[in-house]
Number of protein chains: 2
Amino acid sequence: MSPQRAADLARTLKALADPARLRLLSLIAASPTGEACICDLTGPLELTQPTVSHHCKVLVDAGFLRRDKRGVWAHYSLVPGAMQAVGADLPGVGKLVTA
Amino acid sequence: MSPQRAADLARTLKALADPARLRLLSLIAASPTGEACICDLTGPLELTQPTVSHHCKVLVDAGFLRRDKRGVWAHYSLVPGAMQAVGADLPGVGKLVTA
DNA sequence: ACAAGGCATCGACGTCCGTCGATAACTCTG
DNA sequence: CAGAGTTATCGACGGACGTCGATGCCTTGT
């Protein structure tokens with residue numbers, strides 16, 4: 001595995017390696033509409049609005065969330081297959097796919 | 001996803017979310033014998049011996065590496081299926097397996 | 001035009017993490 | 001037993017990260 005690819009994968013994993021962000025993704029996934037806005041998440045996560053907004057930005061930058069601003073509200077939804085892609089890449093580190 | 005499970009998964013992912021540790025796993029996996037000792041890794045990683053030892057300890061504690069001390073040398077080998085297990089768990093966050 | 005409310009950004013603080021040099025512990029060799 | 005070599009641990013330093021309060025932006029409704 002090249003240092004470049006290791007750095008990229010590490011940055012992606014670092015975006016997921018936080019309890020608040022994992023719960024955030026889970027909450028959005030569990031939503032009936034498949035999306036949620038910031039004000040829907042501050043309660044369950046027990047975090048302030050700036051903190052939740054920050055976490056959402058991290059996940060958007062990492063390619064796990066999609067932001068759709070409609071009027072005043074910002075609707076966040078999962079990027080389909082993003083997490084599956086990471087999960088599929090992980091075993092490659094331990095196998096002889098060291099290209 | 002329960003806060004407890006989120007915290008556990010986050011701790012596991014945090015162990016992987018580092019370029020040096022990903023390369024370390026890859027180097028061990030690419031070894032012909034399937035194992036490597038500290039002195040084999042300091043060169044390719046361009047890190048000092050204490051740092052490599054520290055990273056190995058983190059990966060052992062997280063369940064990704066196995067340590068086998070034979071005489072003076074400490075042989076590290078991958079725990080079979082450990083990374084595959086994490087990869088299989090990741091999509092569960094984005095699906096309605098919110099149990 | 002003004003007020004209200006949701007969100008993003010900013011600055012700051014405390015904590016955790018990666019890295020290193022120095023040192024100790026342990027094992028084999030002579 | 002003394003010496004050399006490998007690894008683990010310790011202490012310290014710099015940087016990154018999660019969190020918050022305060023503030024500004026922007027849209028909606030009156």
Side-chain angles (χ1 to χ4, degrees), chain A residues 1 3-4 6-28 31 33 35-62 64-77, chain B residues 1 3-4 6-28 31 33 35-62 64-77:
Chain A
M1 165 176 281
Q4 180 62 46
D8 289 348
L9 184 53
R11 241 183 313 112
T12 300
L13 288 173
K14 204 168 291 191
L16 288 178
D18 184 275
R21 289 198 279 269
L22 288 175
R23 296 184 59 201
L24 204 154
L25 290 169
S26 176
L27 284 171
I28 295 181
S31 164
T33 64
E35 19 176 69
C37 51
I38 301 287
C39 58
D40 293 333
L41 301 167
T42 55
L45 291 178
E46 296 182 343
L47 293 174
T48 64
Q49 175 265 323
T51 302
V52 174
S53 182
H54 164 68
H55 284 313
C56 284
K57 176 175 173 50
V58 171
L59 289 171
V60 168
D61 291 347
F64 292 106
L65 280 187
R66 191 186 183 290
R67 191 188 135 188
D68 181 31
K69 186 143 194 176
R70 291 201 294 269
V72 177
W73 286 271
H75 297 257
Y76 287 89
S77 56
Chain B
M1 165 176 283
Q4 180 61 47
D8 289 347
L9 184 53
R11 238 182 317 111
T12 300
L13 288 173
K14 204 167 293 191
L16 288 178
D18 183 276
R21 288 196 281 267
L22 289 175
R23 296 184 59 201
L24 203 155
L25 290 169
S26 175
L27 283 171
I28 294 180
S31 166
T33 64
E35 19 177 69
C37 52
I38 301 289
C39 58
D40 293 332
L41 301 166
T42 54
L45 291 178
E46 295 182 345
L47 292 173
T48 64
Q49 175 266 324
T51 303
V52 174
S53 182
H54 164 68
H55 284 314
C56 284
K57 177 175 173 50
V58 171
L59 289 171
V60 168
D61 290 347
F64 291 107
L65 279 186
R66 191 184 182 292
R67 189 186 144 203
D68 181 30
K69 186 143 194 175
R70 291 201 293 269
V72 177
W73 287 272
H75 298 257
Y76 287 89
S77 56

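Please read all numbers here as calculations on a predicted model, not as lab measurements. The sequence lines fix the lettering, A, B, ..., with proteins before strands; numbering per chain opens at 1.
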(request) Would you kindly give the NZ-to-C1' distance between A/K69 and D/dC25, to the nearest whole Å? (result) 8 Å
(message) Tell me the interatomic distance from A/E35, atom CD, to C/dG6, atom C1', rounded to whole angstroms.
(response) 16 Å
(message) Please determine whether a side-chain nitrogen or oxygen atom of A/R67 lies at a distance below 4.0 Å from atom OP1 or OP2 of C/dC7.
(response) no
(request) Compare the minimum distances between each of D/dT19, C/dC7, C/dG21 and the side chain of B/T48, then state the nucleotide with the smallest one. (result) C/dG21
(request) Would you mind telling me which residue lines up with the more 5' stretch of DNA chain D, A/T51 or A/K14, judged by nearest nucleotide? (result) A/K14
(message) Quick check for you: among D/dG18, C/dT19, D/dA8, whose closest atom lies nearest to any side-chain atom of B/A20?
(response) C/dT19
(message) Please report the interatomic distance NE2(A/H75) to CD1(A/I38), rounded to the nearest 0.5 Å.
(response) 11.0 Å
(request) For A/R11, enumerate each residue passing the salt bridge (charged side-chain N to carboxylate O under 4.0 Å, His left out) test, keeping only those at least two apart in sequence or located in another chain. (result) A/D8
(message) Expressed as a whole number of angstroms, how long is the span from B/R11:CZ to C/dC17:P?
(response) 11 Å
(message) Need to verify one output field. Residue with the more 5' nearest nucleotide on DNA chain D, A/Q49 or B/C39?
(response) B/C39
(request) Take the protein atom NE2 of A/H75 and the nucleotide atom C1' of C/dA8, then report the distance between them rounded to whole Å. (result) 16 Å
(request) Take the protein atom CG of B/D18 and the nucleotide atom C1' of D/dG15, then report the distance between them rounded to whole Å. (result) 14 Å
(message) Please confirm whether the shortest side-chain N or O distance from B/R70 to OP1 or OP2 of D/dT6 is below 4.0 Å.
(response) no
(request) Whole angstrom is fine here: how far is it from NZ in A/K57 over to P in C/dC10? (result) 9 Å
(message) From C-beta outward on A/H54, which listed nucleotide comes closest to its side chain: C/dG5, D/dG18, D/dT6?
(response) D/dG18
(message) On the nucleotide D/dA8, are OP1 or OP2 found under 4.0 Å from the side-chain N or O atoms that B/Y76 carries?
(response) yes
(request) Can you tell me the distance, in whole Å, between the NE2 atom of A/H55 and the P atom of C/dC7? (result) 16 Å
Please tabulate, for the side chains in residues 43-53 of chain A, all donor-acceptor contacts under 3.5 angstrom to protein atoms that are two or more places apart in sequence or on a different chain.
residue, atom, partner, partner atom, Å
A/T48, OG1, A/T51, OG1, 3.1

(request) With the side chain of A/V72 defined as its heavy atoms from C-beta on, choose the nearest nucleotide among C/dT27, D/dG18, C/dG5. (result) C/dG5
(request) Could you please name the option among C/dG6, C/dT9, C/dG18 that lies closest to any side-chain atom of A/S53? (result) C/dT9
(message) Rounded to the nearest 0.5 Å, what separates atom CZ in A/R23 from atom CG in A/L27?
(response) 6.5 Å
(message) With a 4.5 Å cut-off on side-chain heavy atoms, are A/V58 and A/D18 touching?
(response) no
(request) Could you tell me the separation between the CG atom of A/D68 and the P atom of D/dT27, rounded to a whole number of Å? (result) 14 Å
(request) Return the nearest nucleotide to the side chain of A/P50; candidates are C/dG5, D/dT7, C/dT9. (result) C/dT9
(request) Compare the minimum distances between each of D/dA8, C/dC7, D/dT19 and the side chain of A/L47, then state the nucleotide with the smallest one. (result) D/dT19
(request) Determine yes or no for a side-chain-to-main-chain donor-acceptor pair under 3.5 angstrom, with B/R21 supplying the side chain and B/A15 the backbone. (result) yes
(message) Can you tell me which nucleotide in C/dC7, D/dC20, D/dT6 comes closest to the side chain of B/W73?
(response) D/dT6
